[in-house]
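Throughout, a chain's letter reflects where its sequence line sits, starting with A, and its residues are numbered from 1.
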Number of protein chains: 4
Amino acid sequence: MSDMTSTADAPRSPGRPRSTRADEAIVDATLDLLAEGNSVESLTIEAIATRAGVGKATIYRRWPGKDALLLDALRTLKGPAPHCAGRSVRDDLVLLVGAVGQHADPRARKIMPCLVPEVNRSSAHRQAYEAIVEPRREALREVLRRAIDRGELRADIDIEVTMALLTAPMLTQRMLHWHAGDERVMPERIVDTVLDGLRVR
Amino acid sequence: MSDMTSTADAPRSPGRPRSTRADEAIVDATLDLLAEGNSVESLTIEAIATRAGVGKATIYRRWPGKDALLLDALRTLKGPAPHCAGRSVRDDLVLLVGAVGQHADPRARKIMPCLVPEVNRSSAHRQAYEAIVEPRREALREVLRRAIDRGELRADIDIEVTMALLTAPMLTQRMLHWHAGDERVMPERIVDTVLDGLRVR
Amino acid sequence: MSDMTSTADAPRSPGRPRSTRADEAIVDATLDLLAEGNSVESLTIEAIATRAGVGKATIYRRWPGKDALLLDALRTLKGPAPHCAGRSVRDDLVLLVGAVGQHADPRARKIMPCLVPEVNRSSAHRQAYEAIVEPRREALREVLRRAIDRGELRADIDIEVTMALLTAPMLTQRMLHWHAGDERVMPERIVDTVLDGLRVR
Amino acid sequence: MSDMTSTADAPRSPGRPRSTRADEAIVDATLDLLAEGNSVESLTIEAIATRAGVGKATIYRRWPGKDALLLDALRTLKGPAPHCAGRSVRDDLVLLVGAVGQHADPRARKIMPCLVPEVNRSSAHRQAYEAIVEPRREALREVLRRAIDRGELRADIDIEVTMALLTAPMLTQRMLHWHAGDERVMPERIVDTVLDGLRVR
DNA sequence: TGGTAATCGAGACGGTACGTCACGTCTTTCG
DNA sequence: CGAAAGACGTGACGTACCGTCTCGATTACCA
């Protein structure tokens, strides 16, 4: 958990080892409750403990507080960064843009917006967030660089600005507007519009 | 507040009228505390009452709960929607994009991110949020429409997608990344890149 | 209450006054639970609050902790010191000795032994205990003094030792041995034996 | 301890034998902590284990709970019942009365009062207490009986009442009033006063 | 001018959740 | 197999806020 990522070959501390069943039950209960309730505020440690069939102390032994637990719970939702076949710029971009703020677990959709304020809380939270997001950003950056090298995209574009243009609309929609039954801004439209520009030729 | 916006010519109810000093003190204390602390969770009604020099009941007499008070407090931060001179598409867009998530009050910068999860809480919150944002969106929509009519922009663009492309990067940056001392994605860059597209011609 | 004995003509502090119903309910619940359970350890503040139909904070607002509450609860059990008719030394002594460790409330019998260790905890507890006991001791002391003055008792007796002789057997029996269904050492026997002595004449 | 007093010639059970070092360390730690703190409540098994350098399970393997451990710990404090030279009634009584509630170990003085409520808890506790006290009571009873037989004391005295008269003052003083730096009620005074009675002759 | 009525501040009310600590039990590894 | 170490589920601790409820004191208005 959180505080012992590299469990490589630790010499094994004495005493009863921590239960992995508890680990999973806690994270699972957290996600369930978050998805059922609608806010971080209404998520209580006591409810998590009850739902997970676990004592409160077992939670506090692993995480210092609600924030850390939340971040850790989210981390388990994120699958691996999507793989780019590398066929065409357009296809790659559509794939990566569609993956922004996307998760395998359906509960994630309701959980993510709750994390926005958390991210702004402290640099520790921010770094945890970056660790999750950065691999995906790097994949996107790489696709853009390759396309420029191959002459498919203009050489003078600002890559950071471009990434913001591509990813922010999806992120915004899925964070602020996930409530709307279906998504109105599709990845393909975003990519095509950004690629072609608005001006008449 | 909130529940008595149209005090036009009410027949004046009997009894002592509500103190406007209290109204202001409460909203002000709320914004102060929000800007000092970093989360909605750590904002307590009791602290607001103490800071405002007001009884708790005086707050609950005006707002049904923390959420409503928060929304109202934010509303006071937002100035009027910016006026578009209507000189060129580019200038107008730069102006409006720069105004996204922008506020006069410096406290707003720290407060806004806290509101993201609130917005997703209930349709009431959502509507309140829309009421604040919609005028600005409409101004932007109008600029785009006029530009299309005048033949400055392609006629086949999807206006909603385009608005997302233009506004989301600023919004994302100011919500998720306000911590970064200075902004890295400038309105001009966004507008120019979107206008011109990425492809080589 | 513990902390405001002289409520004579206080200028009435602002805010809602404390509920006397709560005062009584708490003390009553405490005595009930103490009499039901068998130890101070098994008496919990939460159980008191529940039984009294009161929030925990309402208890902590009045008493700093379990000890203080207990002492206060006991105080309410003790009736007024018994009145001495002053007929004969023997009658007066029998009355006062019988009153040692005696209470109106039947619950007291089970509660008192629990207080012995409390009394030895700190000087504050000790003083509280003395305040309860001292009036009774003084009444006994007075009876002995008068009897000496009237020539009914020897003038060379040590009054403190004599008081210990008279009261300790009852106290011990009622503290350590209350479990024995009926008392084996009666006040009359104590008084008579002490008055007459053990030696043959 | 408690549950295996007669380890005389047991056939030696298999596996690692129990450490006698642990036995002593646990009892010693218990007495130390009891003497340092002032109540049974503040004595915790975890503290005992830590102080004794022992695992909690090692304690629970030997005693069923805190009460049993306490009683056992106290038992180790009590020396053998004092031997009566049998010179004169008065000398014997002074000796035995002075031994009431008396212990070799100075820690006992602070521990004893804590045991009063324990004694009243259950019949098991009571029996354990009686087993400690009874030998001393029997010695006193014997002295009184012999003195009556020899015609030194009146034949009509109630022996149980007399024992209460003699022992209770010391017990009370040492249980309730041990805090007073020095004792005010000396064994000699008690014995003499009880022997002679209060009345003028 | 003297009610009537809703406000004000203060703070107590019954609750719920917090994060900590100790309980007595269970589960490791080591000697 | 007993030892230590320490995690386990449980539940009480004392604190902080919740949203509601009295209090006495203040304003306004209307009669």
### Query
Could you give the distance from CG (D/Leu33) to CD1 (D/Ile45), rounded to the nearest 0.5 Å?
10.5 Å

### Message
I need a per-nucleotide contact map over nucleotides 16-23 of chain E, read 5' to 3'. Cutoff is protein heavy atoms under 4.0 Å; write B for the base, S for backbone only, - otherwise.
### Response
-SBBB-SB

### Query
Please give, in whole Å, the distance from F/dC13 C1' to C/Trp63 CH2?
18 Å

### Summary
note: C/Leu69, atom CG; F/dC13, atom P; distance rounded to Å ~ 11 Å

### Query
C/Arg18 side chain: which of E/dG9, E/dC13, F/dG9 is closest?
E/dC13

### Query
Within the structure, does a side-chain N or O atom of B/Arg16 lie under 4.0 Å from either OP1 or OP2 of F/dT27?
yes

### Task
Would you kindly compare D/Val54 and B/Pro17 by the position of their nearest DNA chain F nucleotide and give the one closer to the 5′ end?
D/Val54

### Query
Under 4.0 Å: is that the gap between some side-chain N or O of A/Ser19 and OP1 or OP2 of E/dT27?
no

### Task
Measure from CD1 on C/Ile59 to C1' on F/dA12 and round the result to the nearest Å.
13 Å

## Note on the structure
What one should report as the nearest heavy-atom pair of B/Gly55 and B/Ala49 is C-CB, 4.3 Å

### Message
My understanding is that only residues two or more places apart in sequence, or in another chain, count here; which of them pass salt bridge (charged side-chain N to carboxylate O under 4.0 Å, His left out) with D/Asp32?
### Response
D/Arg51, D/Arg107

### Message
For the OG1 atom of C/Thr30 and the CG atom of C/Asp72, what is their distance to the nearest 0.5 Å?
### Response
9.5 Å

### Query
Which nucleotide in the list F/dA3, F/dG9, E/dC13 gets nearest to the side chain of A/Thr58?
F/dG9

### Query
A/Ile26 has an atom CD1; how far is it from atom C1' of F/dA7, in whole Å?
12 Å

### Message
Nearest 0.5 angstrom please: D/Arg62 CZ to D/Asp23 CG, how far?
### Response
4.0 Å

### Message
Nearest whole Å is fine: how far is F/dG2 P from D/Arg21 CZ?
### Response
18 Å

### Message
Determine whether B/Leu70 and B/Asp67 satisfy the following criterion, side-chain contact (heavy atoms from CB on, under 4.5 Å), listing intermediate values before the conclusion.
### Response
CA-CA 5 Å; B/Leu70 229 86; B/Asp67 297 347; 5.7 Å; no

